[in-house]
Amino acid sequence: QAQLAESGGALVQAGGSLRLSCAASGLAFSDYSMAWFRRAPGKEREFVAARRLSGGHTYYAEDVKGRFTISRDTAKNMGYLQMDKLTPEDTAVYYCAAGVPILSAIRTSNGYRYWGQGTQVTVSS
């Protein structure tokens with residue numbers, strides 16, 4: 001059974017950094033596009049970043065571009081989200097996802113079949 005498990009969420013001060021990890025079991029990240037989404041309190045789940053299977057191109061939400069970096073280690077079957085210059089607006093539960101979305105769906109949750117349970121990131125001001 002394919003599963004994703006996030007870790008690395010924590011309480012951090014504004015301006016700080018965190019690296020989230022996503023461990024895959026029952027599936028190989030080398031066969032899927034991967035993405036990170038987040039859900040802030042009282043808001044809908046939103047796209048954060050994606051790494052496309054084909055060509056390895058990366059995509060970011062405008063408000064994290066230049067601060068967050070998505071990556072993967074296929075040897076370890078792990079995905080990562082490096083988050084720098086964090087702000088209180090980044091406070092959310094962060095979810096890892098894997099799937100084979102078409103390019104037009106790379107930023108939509110419907111494009112991903114597998115999801116983790118989420119990890120909490122809290123940024124204090």
Side-chain angles (χ1 to χ4, degrees):
Q1 182 177 356
Q3 290 185 325
L4 300 176
E6 303 92 339
S7 62
L11 171 63
V12 63
Q13 287 190 331
S17 297
L18 280 177
R19 188 176 81 155
L20 304 184
S21 299
C22 178
S25 59
L27 66 88
F29 268 135
S30 57
D31 294 335
Y32 294 91
S33 297
M34 64 165 292
W36 290 89
F37 289 77
R38 67 186 180 188
R39 177 174 285 159
K43 295 186 177 181
E44 298 289 320
R45 183 167 57 188
E46 65 177 5
F47 169 78
V48 175
R51 187 187 186 283
R52 195 169 179 222
L53 172 63
S54 176
H57 299 292
T58 55
Y59 306 83
Y60 296 93
E62 282 301 314
D63 59 344
V64 307
K65 195 175 295 185
R67 300 189 298 122
F68 290 12
T69 304
I70 188 172
S71 64
R72 70 176 187 185
D73 185 331
T74 54
K76 296 181 179 179
N77 212 20
M78 295 284 294
Y80 304 99
L81 184 68
Q82 176 67 40
M83 305 187 295
D84 299 317
K85 300 178 183 179
L86 286 161
T87 74
E89 288 69 37
D90 296 317
T91 294
V93 177
Y94 283 72
Y95 299 90
C96 173
V100 193
I102 58 176
L103 182 56
S104 61
I106 196 79
R107 299 169 184 265
T108 68
S109 56
N110 288 343
Y112 299 88
R113 178 176 181 182
Y114 302 105
W115 292 83
Q117 294 299 307
T119 186
Q120 176 71 48
V121 171
T122 303
V123 184
S124 64
S125 57

L103 side chain near Y59 side chain, heavy-atom distance below 4.5 Å: yes
Please give me the minimum heavy-atom distance between A49 and L81, naming the atom from each residue. CB-CD1, 4.2 Å
I70 and R51 have their tightest heavy-atom pair at CD1-N, 3.6 Å
Rounding to 0.5 Å, atoms OH (Y60) and CZ (F47) come to a distance of 9.0 Å
Can you tell me how far the OG atom of S30 sits from the CG atom of D73, to the nearest 0.5 Å? 11.0 Å
Heavy-atom closest contact (P101 atom, I106 atom, distance): CG-CD1, 3.7 Å
Same hydrophobic cluster for Y95 and F68, using side-chain heavy-atom links shorter than 4.5 Å among ILVMFWY? no
When you measure from the side chain of Q117 to the backbone of A5, do you find a donor-acceptor pair of N or O atoms at a distance under 3.5 Å? no
Is any side-chain heavy atom of C96 closer than 4.5 Å to one of W115? no
Check K85 against D90 and note the closest heavy-atom contact, atom names and distance. O-OD2, 4.4 Å
Quick check for you: to the nearest 0.5 Å, what is the distance between R67 atom CZ and L86 atom CG? 6.5 Å
Answer yes or no: is there a side-chain heavy-atom contact under 4.5 Å between V100 and Y32? yes
Heavy-atom pair of closest approach, residues V48 and Y94: CG2-CE2, 4.3 Å
To the closest 0.5 Å, what do you measure between OG1 (T119) and CZ (R38)? 14.0 Å
Considering all heavy atoms of both residues, which atom of F29 and which atom of A98 are nearest to each other, and what is their separation? CE2-CB, 4.1 Å
Is the distance between the ring centroids of F37 and Y112 under 6.0 Å? yes
Calculate, to the nearest 0.5 Å, the distance between atoms CD and CG belonging to Q120 and L11 respectively. 9.5 Å
One should read off an interatomic distance between M78 CE and R72 CZ, to the nearest 0.5 angstrom, of 13.5 Å
Non-hydrogen side-chain atoms of L27 and L4 separated by less than 4.5 Å: yes
May I ask whether V12 and M83 are part of the same hydrophobic cluster, defined by side-chain heavy atoms of I, L, V, M, F, W, Y residues being less than 4.5 angstrom apart, directly or through others? yes
Would you find a donor on one side and an acceptor on the other, under 3.5 Å apart, between the side chain of Q82 and the backbone of R19? no
